[in-house]
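Presented below is the structure to which this report refers.
Chain A is the first sequence line, chain B the second, and so forth, proteins listed ahead of strands; every chain is numbered from 1.
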Amino acid sequence: MNTILLAFDLALFLEKLILIAVIIFASLGIALYTTFAERKVAALLQDRSGPNRVGPFGLFQPFADGLKLLMKEEIIPNTSNKFLFILGPFMAMTAALMTCAVIPWGNQVEMFGRTIQLQIADINIGVLYVFGVVSLGVYGMLIGGWASNNKFSLMAALRGASQAISYELAMGLSLIALLMLTGSLSMKTIVEQQMDSYWNILYQPLGFLIFIICVFAECNRTPFDLPEAENELNFGYHQEYSSMKLGFYLFAEYIHMFIGSAVMSTLYFGGYDVPFLDESTLSSNVAALVGIASLMAKIVFFLFLFMWVRWTIPRFRYDQLMNLGWKSLIPLALFNMLLTGALILAKSGL
Amino acid sequence: MLWTNFLMNVSTASNTAVDYFPIGIQLIFAVGFVATMIGVSALIGPKRQTSDKLQSFESGIESVGNARQPMAIKYFLVAILFVLFDVEVIFFYPYAINFRDLGWNGFFAVLMFVSLFLAGFIYIIKKGALKWED
């Protein structure tokens, strides 16, 4: 009895380990190529060619950049707090890599006689898990900025932390209206509901607008990139960092963009659902592949949107940013929540 | 008893600690990966450190004092207010999940909670706690 239980656990363990390795390395690869795409999109919008020297069309550029960061000299300033200085990027990157655990990348595939769920962990608090882990990334920024013992880093870290926690409130409130609709916090259940009926964006346009603004702010992307405002704070909270520690801060930002796009696609745009296609007519493996492709297409669209906005809209001033977060988005999200609640109750005719 | 029932209703997926097992594996994996990369880059990078290089950067001029100085109170206020309001937001989550079962009665109860939330919110704004420009 015991050995059977152990064998089952070992198979499950291996399956999950392979899935985790694939998903983590895939998100790292996508983050690498997002940096490349960012430069290409910037070039496109500014009528330039962008990076085109390393490999065909410059396709090996991100590897060259990554290798350069890996092999640079590591500098820890004399006046800094050494332990916290290393802990900062460590936490930022670990938190970024942990978020992908609850996102359903596809339905399921059948391989080697086993049915493998394309989701690392289907936990019943999925949405809360994403919130919790994303908030841990703020510690990475705050610890790194403070430990550098540099005035620019400190100011940037304070700004970044205040911004992140302010927009987290509006983000949490805007999601409540969505949860009233779905009645579940599990990401998988939310996707399955959207497969049977319409995508949530149709019911929650205002909620989605608030959510996407907050995602931009949480990822420190333009127009909310105040922690890295080059013209006033030099380079922001990672000013004193070099080599892979700097690389991890930059990387974490791109992974956050990727995960943010995945969460938006999952919650509001049907996740791995393909519009106007009945997945049950396809065999399970084909349906899974089509589903993954569909989710990736949505993610790529959102990543493009991030870049498009970055090269189009100028940065906010800090008081404008805080006023938008506290005085506009929070009341708007509360209003959206009450409106949604009243409409659902009125429609169900109680 | 009623309170625990309320919490249990949140579950839709299976509700055991086994669900969290893969997250533990992922944590070990992520920590291992990040530690290895930071370690490797520390090992293979050149080490030519001079006292100037190890100074903290202040736009090229010599650094004055250190950064362990008092900071603007506004950031601290924002953090305190965040803690207050975030706790209130968290209370909406169990309500949202059980929203359909609770019906109009639950809705009116939450309306009362929202009005308290708004009263606090309007108070801090009128008090100028979120006023950034002096």
Side-chain angles (χ1 to χ4, degrees), chain A residues 13 16-17 20-21 24 70-75 77-79 86 90 93-94 97-98 101 120-124 128 148-151 154 158 162 165-166 168-169 172-173 176 179-180 183-186 188-189 234 239-240 243-245 248 318-319 322 326-327 330 334 338 341-342 345 348 350, chain B residues 10-15 19-23 25-27 29-31 33-35 37-38 40-42 44-49 51 53-59 66-68 71 75 78-79 82 85-86 89-90 92-93 96-97 99-100 103-104 107 110-111 114 117-118 121 125 130 132-133:
Chain A
F13 176 78
K16 290 294 180 194
L17 195 65
I20 287 167
I24 282 189
L70 188 68
M71 296 173 74
K72 280 281 173 187
E73 181 174 3
E74 189 176 51
I75 293 169
N78 270 334
T79 48
I86 297 170
F90 186 88
M93 190 64 181
T94 312
L97 287 179
M98 287 301 291
I120 294 173
D122 183 16
I123 50 176
N124 55 5
L128 275 184
S148 304
N149 201 349
N150 178 315
K151 287 148 203 155
L154 179 69
L158 284 174
S162 294
I165 58 180
S166 300
E168 220 169 275
L169 283 178
L173 278 173
I176 288 166
L179 297 176
M180 285 172 160
S184 170
L185 283 163
S186 155
K188 180 119 186 165
T189 315
N234 286 321
Q239 171 121 52
E240 293 289 354
S243 82
M244 209 56 208
K245 294 204 286 298
F248 275 164
Y318 201 71
D319 59 318
M322 291 311 247
W326 283 89
K327 293 177 189 165
I330 291 179
L334 268 178
L338 293 177
L345 284 178
S348 62
L350 289 167
Chain B
V10 176
S11 69
T12 44
S14 71
N15 196 9
D19 294 338
Y20 294 84
F21 175 64
I23 293 180
I25 308 176
Q26 188 172 3
L27 183 64
F29 193 94
V31 167
F33 174 78
V34 175
M37 290 301 273
I38 289 182
V40 165
S41 100
I44 65 175
K47 288 168 196 67
R48 287 184 290 272
Q49 300 179 332
S51 63
K53 214 190 249 180
L54 293 181
Q55 259 189 5
S56 59
F57 175 77
E58 265 176 36
S59 309
N66 71 4
R68 304 278 183 263
M71 51 186 97
Y75 294 108
V78 168
F82 164 73
F85 283 102
D86 206 37
V89 168
I90 285 298
F92 286 125
Y93 276 79
I97 300 300
F99 159 75
R100 280 170 210 267
W104 281 110
F107 186 74
V110 162
L111 216 53
V114 169
F117 182 101
L118 273 179
F121 189 69
I125 286 178
L130 295 170
W132 282 84
E133 62 280 12

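The contact between F29(B) and chain A is made entirely by side chain atoms (from C-beta outward), counting heavy-atom distances below 4.5 Å. For chain B, the nearby part of L154(A) is the side chain; its heavy atoms alone come within less than 4.5 Å. Interface residue I120(A): backbone and side-chain heavy atoms are both found under 4.5 Å from chain B. Both the backbone and the side chain of M37(B) come within contact range of chain A, each with at least one heavy atom under 4.5 Å from a heavy atom of that chain. Residue Q55(B) touches chain A through its backbone alone, counting heavy-atom pairs closer than 4.5 Å. Of the atoms belonging to V114(B), it is side-chain heavy atoms, and not backbone ones, that fall under 4.5 Å from chain A.
Side-chain atoms of E73(A) come within 3.5 Å of backbone N or O of R48(B) as a donor-acceptor pair. No donor-acceptor pair under 3.5 Å is formed between the side chain of Q26(B) and the backbone N or O of A121(A). With hydrogens and angles disregarded, a donor-acceptor distance shorter than 3.5 Å links the side chain of Y93(B) to the backbone of G172(A).
Put simply, of M180(A), K188(A), K245(A), K327(A), the one with the most heavy-atom pairs under 4.5 Å next to chain B is M180(A). Counting heavy-atom pairs closer than 4.5 Å to chain A, the top-ranked of the candidates L130(B), D86(B), I44(B) is L130(B). Among the candidates A21(A), S148(A), G341(A), the residue making the largest number of heavy-atom pairs closer than 4.5 Å to chain B is G341(A). Ranked by heavy-atom pairs under 4.5 Å with chain B, the list I165(A), N150(A), T94(A) is led by I165(A).
Within the 4.5 Å cutoff, side-chain heavy atoms of M98(A) are placed close to those of I23(B). Between L70(A) and S41(B) the shortest side-chain heavy-atom distance falls below 4.5 Å. Using a 4.5 Å cut-off on side-chain heavy atoms (C-beta onward), I125(B) and W326(A) make no contact. Using a 4.5 Å cut-off on side-chain heavy atoms (C-beta onward), V31(B) and F90(A) make contact.
Atom CD1 of I90(B) is separated from atom CD1 of I176(A) by 8.0 Å, given to the nearest 0.5 angstrom. Separation of atoms CD1 (I97(B)) and CG (L185(A)) is listed at 3.5 Å; rounding is to 0.5 Å. For the atom pair OG (S56(B)) and CG (N78(A)), the distance works out to 9.5 Å, reported to the nearest 0.5 Å. Once rounded to the nearest 0.5 Å, the distance linking CE of M93(A) with CZ of F33(B) reads 5.5 Å.
Between I25(B) and F13(A), the closest heavy-atom pair is CD1-CD1, 3.6 Å. Among all heavy-atom pairs drawn from W104(B) and A342(A), the shortest one is CH2-O, 3.8 Å. The two atoms that bring E74(A) and Q49(B) nearest to each other are O-NE2, 3.0 Å, heavy atoms only. Of all heavy-atom pairs spanning I20(A) and P22(B), the tightest one is CD1-O, 3.5 Å. The two residues S166(A) and V78(B) come nearest to each other via the heavy atoms OG-CG1, 3.6 Å.
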Where do L179(A) and F99(B) land on the side chain to side chain contact (heavy atoms under 4.5 Å, CB included) test, with the steps shown first? CA-CA 9 Å; L179(A) 297 176; F99(B) 159 75; over 6 Å; no
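Remark: F121(B) pairs with F85(B) by the ring-ring contact (aromatic ring centres under 6.0 Å, His included) rule, at least two apart or across chains. K151(A) meets the salt bridge (charged side-chain N to carboxylate O under 4.0 Å, His left out) test with E58(B); sequence neighbours excluded.
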